Amino acid sequence: MQHWLLKTEPDVFSYADLVRLGSSAWDGVRNYQARNHLRQMQLGDLCLIYHSSTNPPGVAGIAKVVETAHPDPSQFDPDSPYHDPKSTLEQPRWVQVRLEPVRALVFLELSVLRAEPELEAMLILRKGNRLSVTPVEKKHFERILELGKEQKLSA
DNA sequence: GCCAACGTTGGC
DNA sequence: GCCAACGTTGGC
């Protein structure tokens, strides 16, 4: 099993939205490297759902892959912001996976992740990293789970 | 195949 | 809103 980190802008789609829907396609990925990562995902792989372009950014929860990569319908839809005129039904360029929520974490702010020496090598923390789908090492994933489990002492 | 120009991402 | 970093585009 592999682990991943998926970025999303919570104003567009948040971890809470995934919980509310019970399951959702992860669509709209329009970067080749990110798409290749989507293609590698297997059933049951676990994903950190990361909220970007928000204050503060951070990891909100865990989701699992319940359907592997298949063509993303939004690429064929002229009315979709994700429409790709160069994509054809015969040769689709972009894929999506389907996710289900596993559990929410105590929201782990980016600044907290940066402060963790054990997470220093994580891709998401690297300067200039813009990839929306990245693999996560098992040890990093587990460390984040631990951090996200910790309850605050006062309300 | 190079690379300048442009668009996008995303933290701050 | 700024701007650094990165990806994509397109002329040559």
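Hydrogens, waters and symmetry mates are skipped; everything else that's a heavy atom, side chains included, is used. All values reported here derive from a predicted model rather than from experimental measurement. Every chain is numbered from 1, with letters handed out A, B, ... down the list of sequences.
A donor-acceptor contact closer than 3.5 angstrom links the side chains of A:H70 and A:Q96.
Shown here is A:Q40, whose CD atom has more than 12 heavy atoms of other residues, nucleotides or ligands within 6.0 Å.
Side-chain proximity of A:N31 to the nucleotides B:dG10, C:dT9, C:dG7 is greatest for C:dG7. Here the side chain of A:R130 is nearest to one of B:dT8, B:dG11, C:dT8, namely B:dT8. Closest contact between the side chain of A:Y32 and the listed nucleotides C:dT9, C:dT8, B:dG11 involves C:dT8. Here the side chain of A:S52 is nearest to one of C:dT9, B:dG10, C:dG7, namely B:dG10.
Following rounding to the nearest Å, A:H37 (NE2) and C:dG7 (P) show an atom-to-atom distance of 12 Å. Here B:dG11 presents its P atom at 12 Å from NE2 of A:H51, a figure rounded to the nearest Å. Separating the CG atom of A:N129 from the C1' atom of B:dC12 is a distance of 17 Å, rounded to the nearest angstrom. The distance from atom CZ of A:R30 to atom C1' of B:dT9 is 16 Å, rounded to the nearest whole Å. Between A:E9 atom CD and B:dG10 atom P the separation is 7 Å, expressed in whole Å. Between the P atom of B:dG11 and the CE atom of A:M122 lies a distance of 13 Å, rounded to the nearest Å. Residue A:L5 contributes atom CG, which lies 11 Å from atom P of B:dG10 at whole-angstrom precision. Taking atom CG of residue A:L113 and atom P of nucleotide B:dC12, one finds them 11 Å apart after rounding to whole Å.
For the atom pair CD (A:E67) and CD (A:E100), the distance works out to 10.5 Å, reported to the nearest 0.5 Å.
Using a 4.0 Å heavy-atom cutoff across all strands shown, A:L131 reaches no nucleic acid atom at all. Across all strands shown, A:N55 has no heavy atoms under 4.0 Å from either base or sugar-phosphate atoms.
Axis angle, first five pairs versus last five pairs of the helix from B:dG1-C:dC12 to B:dC12-C:dG1: 10°, rounded to 10°.
Phosphate proximity of B:dT9 to A:K7: absent, as no side-chain N or O sits under 4.0 Å from OP1 or OP2. Contact annotation: A:Y50 side-chain N/O to B:dG11 OP1/OP2 distance is under 4.0 Å.
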- request: Starting from the C-alpha separation in whole Å, work towards a yes-or-no answer on side chain to side chain contact (heavy atoms under 4.5 Å, CB included) for A:R30 and A:S74.
  value: CA-CA 11 Å; A:R30 294 294 180 268; A:S74 66; 3.0 Å; yes

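When each of A:V133, A:N129, A:L48 is paired with A:K7, the side chain to side chain contact (heavy atoms under 4.5 Å, CB included) condition holds for A:N129 and for no other.
With respect to A:K139 and A:E142, no salt bridge is recorded, no charged nitrogen being found less than 4.0 Å from a carboxylate O. A salt bridge does not link A:R93 with A:D72: none of the charged nitrogens is closer than 4.0 Å to a carboxylate oxygen.
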